Amino acid sequence: MVSSPAYDATAYDPPAAPSDTPAVRHPGTIVAGCLAVCLAQIGLVLPAAINGVIQRSLQTSGAELTWVSDAFLVPAAVLALTFGVVGDLYGRKKLLVGGALLAAVGYLVSATSDSPAQLITGQALSGIGSAALFPASLAVIIAGTPTPAARARGLASWTTALSIGALIAPLLSGTVVEHTSFHWAFAATGVLAIVTAAAAWWLTAESSAPEGRSLDWPGQITIALALLALLYGIIQGPTDGWGSVTVVGSLVVAALMAGAFIAAESRSTSPMLRLDLFRNPAFAASAAMAVIGMFGFLGGAYDLSIRLGVIQHQSPLRAAVPFLIIQAVTPFSWPLLVRLLQRVGPGPMLVTGFVSLAVAQLWLRAVPVHETGIPALLGPLLLNGVGFGLVVAAITAAAVNAVPPHLTGMAAATTSLVRDLGQTLGPAVVGAVALAAATDQLTGSLRAAALTPAEHGTAAAVLDAGGPLALHTADLGPLSAKLAPLTERALADGYADVLLLTAGACVTAAVIAAVFLGFRPRATAPVESAGSRS
C-alpha cells in the first residue's frame, strides 16, 4: 500500500542559485505541493478500511472489489513517469490544477455510484488525476527551493504531507462511513480535491524544464495495455474460469504488449524505462526486490482489509485502526531510519525489513479469524510497520547505489515504477488465489451440507454468479444463517492460506537482498523522499 512516487532527479534539479536568491522563492508553492500530495495519498489509501462496507452496499463480487482498489493503483503506477515529463514540457502548475480537478471529477462519480462499475470508473479517474499530482507536487517544490537547505526542508515537508495523507485516509473513511454511507467518504475527498485545485491555482508558481524531455508514447501505451490485460486475466480468472476465452486472451495480449514495450524501449531515444540498467546485476536485483517485496507487502495489507471488513464485518472505524497502526510507524521512526541508512547501508535494512514483513504475515495468519480485538493483532501490525519502514527507507538507495552517479535519477524513477507495479499486482493476485480456493472449498461444503435441493440450487447460483464474497453477504433469509459458517470458514481459509504466498514473496525479496547487497555497511546515495503511498 505504500511507496514513494517516481522522481527523476536529472529532470527536476535546477541550477544552483546565486547567494542573494531567496532560500524559498514561493512559499505558497510549498503549501500547494504538500496539499496536492496529501490528497493523492488519501485517495490511494481510502478504500482499505471500507472494503467491507462497499462490498455489502453494492453487493460486489470478489473481482469487482479487487478492481475498486486496482482501478486507482494502475494509473497511479503506470502514468506517474509520463506525467512527470508532461509537467516538465507544459508546466507543473497546470498539471497540479488539472490533476486535482480530474481527481475531483472521479470522486464525484464515486460519491454518486449505485453500481460497482460506476465506482470503479470513478476510482480510475481519481487514479489518473493522482498520477499527475504525485510527480507534479514534488517537482514544483524542488523548483521553488533553489538552495540545498531550502530543498531539504521542502522535501521534508512533502514527505510529511504524504505520510499525513496515509494516516488521514483510514481515519477519514472509517469515521465518515461509521455515521453515513460510504459515498460520503468519496464526497469529502472530492471537496478536498477542489480545495487543492484552487490552492494550486492561486499559490503555485509555474515552472517547467522542457530541455531534453520528450514523451515516450509507444512505451506508455504498451506498458499500460500490458498491465491492464494482465490484471484483467488475474482478477477475472476465478469468476470467468481460467480457461475462458476472455481470460486466456487477456493473458496473451499482456504477453504481446510486454514484448512490444521491450521493443519500443529498446529503440526509443527517450525511454520511460532504461532497459540497459537491468544489465547491472545489482540494479536488476534491486528491481526484482521492489516488485516481489512490494507485492508481498500490499497483498498482505489487502488480505487484512478483507479479513476485517468483509469476513469479520467490523465497523469502518474499527477496521481503520490496524491500518493507522501500520502507517504510523514510518513517519515517527523516519529520523532513525535515515541514520540507519547512513550507518549500516541498505542491504541489512532490506533483509531485516523483508524478513519482518514475512514474520508479520505468518503471525497474522496464526491469529484466529474470530479474534477481532486489537491486542491480538498488535504484534503483527507493529512488525508490519517496522518492516515496511526499513524497506521504504532503503529500497531506492539500494538501486541508485548500483548505477553511476549520472544515472541515479533514472534509477530512482525506474525503481518507483517497478515497485508500484508490484503493489498493483498485490490485490489482484491475492484476491484471485484466495477466492479460487474459497470457491473450491464452498463447492464441496455445499454438497455435504444438510440443504434441501432448492436451498442448494439457490446457494450454488449465487456462488456461480458472484463468488464466495457475494454468497457470504447475500440476504437469503433463513438460508443465510445455514450458509454463514460455511462461507466464513471458506473465506477465512482462503485468505489465511494466501498469506503463505505473500510471506514467501517477502522471504524471496530478503534472499535477493542478502545475496546481491550483503550485510556490509556501504556509502549511500541521497535517499529518495520516501513516504507512505498505501
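When reading the values below, keep in mind they use all heavy atoms of this one structure, side chains included, and skip hydrogens, waters and symmetry mates. Here the structure is a predicted model, which means the values were calculated and not measured. The first residue in the sequence is number 1, and the count goes up from there.
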>> Before you tell me yes or no, could you show the steps for Thr502 and Gln361 under side chain to side chain donor-acceptor pair (under 3.5 Å), namely the whole-Å CA-CA distance, both residues' side-chain angles and the distance that decides it to 0.1 Å?
In response: CA-CA 8 Å; Thr502 57; Gln361 293 181 25; 2.3 Å; yes
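- Of all heavy-atom pairs between Val367 and Ala376, the closest is CG2-O, 3.8 Å.
- The shortest heavy-atom contact between Asp420 and Ala76 is OD2-O, 4.2 Å.
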>> I'd like to know whether Phe323 forms a side chain to side chain contact (heavy atoms under 4.5 Å, CB included) with Leu304, so could you lay out the CA-CA distance, the side-chain angles of the two residues, the decisive distance to 0.1 Å, and finally the verdict.
In response: CA-CA 9 Å; Phe323 294 99; Leu304 176 62; 4.2 Å; yes
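- In this structure, Ser315 contributes its side chain and Arg318 its backbone to a donor-acceptor pair below 3.5 Å.
- Between the side chain of Ser113 and the backbone N or O of Ser110 there is at least one donor-acceptor pair closer than 3.5 Å.
- Across all their heavy atoms, Ser137 and Leu96 have their closest contact at N-CD2, 3.7 Å.
- The existence of a salt bridge linking Asp493 and Arg489 is confirmed by a sub-4.0 Å separation between a basic side-chain nitrogen and an acidic carboxylate oxygen.
- Looking only at distances, no side-chain donor or acceptor of Arg419 sits under 3.5 Å from a matching main-chain atom of Ala290.
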> Stepwise, does the side chain to side chain contact (heavy atoms under 4.5 Å, CB included) test hold for Val177 with Trp184?
Replying inline: CA-CA 7 Å; Val177 178; Trp184 287 102; over 6 Å; no
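- Counting heavy atoms from C-beta outward, Leu383 and Trp363 have side chains that approach closer than 4.5 Å.
- Considering every non-hydrogen atom in both Gly174 and Ala320, the closest pair reads CA-CB, 4.4 Å.
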>> Determine whether Tyr495 and Val430 satisfy the following criterion, side chain to side chain contact (heavy atoms under 4.5 Å, CB included), listing intermediate values before the conclusion.
In response: CA-CA 8 Å; Tyr495 279 97; Val430 164; 4.3 Å; yes
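- When atom types are taken as modelled, the side chain of Thr189 and the backbone of Ala185 share a donor-acceptor pair closer than 3.5 angstrom.
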> Is there a side chain to side chain contact (heavy atoms under 4.5 Å, CB included) between Leu162 and Trp158 once you walk through the steps?
Replying inline: CA-CA 6 Å; Leu162 193 147; Trp158 184 86; 3.7 Å; yes
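- Closest approach of Leu172 and Ala188 over heavy atoms only: CD1-CB, 4.3 Å.
- Side chain of Thr473 to backbone of Leu469: a donor-acceptor contact under 3.5 angstrom is found.
- Within the 3.5 Å criterion, the main-chain N or O of Ile30 finds no donor-acceptor partner in the side chain of Ser157.
- For the side chain to side chain donor-acceptor pair (under 3.5 Å) with Tyr302, the qualifying choice from Thr66, Asn51, Asp70 is Thr66, the only one to do so.
- The aromatic rings of Tyr232 and Trp67 sit tilted relative to each other, their planes meeting at an angle between 30° and 60°.
- Considering all non-hydrogen atoms of both residues, Thr112 and Gln118 come closest at OG1-NE2, 3.1 Å.
- A distance-only check finds no donor-acceptor pair linking the side chain of Gln423 to the backbone of Phe295 [under 3.5 Å].
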> Between Gln236 and Ser250, is a side chain to side chain donor-acceptor pair (under 3.5 Å) present by the stated rule, with each step listed?
Replying inline: CA-CA 10 Å; Gln236 294 298 136; Ser250 67; over 6 Å; no
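- Contact annotation: the side chain of Leu364 approaches that of Leu499 to within less than 4.5 Å [non-hydrogen atoms, C-beta and beyond].
- Contact of the Ile374 side chain with the Pro322 side chain is registered, since non-hydrogen atoms from C-beta on lie closer than 4.5 Å.
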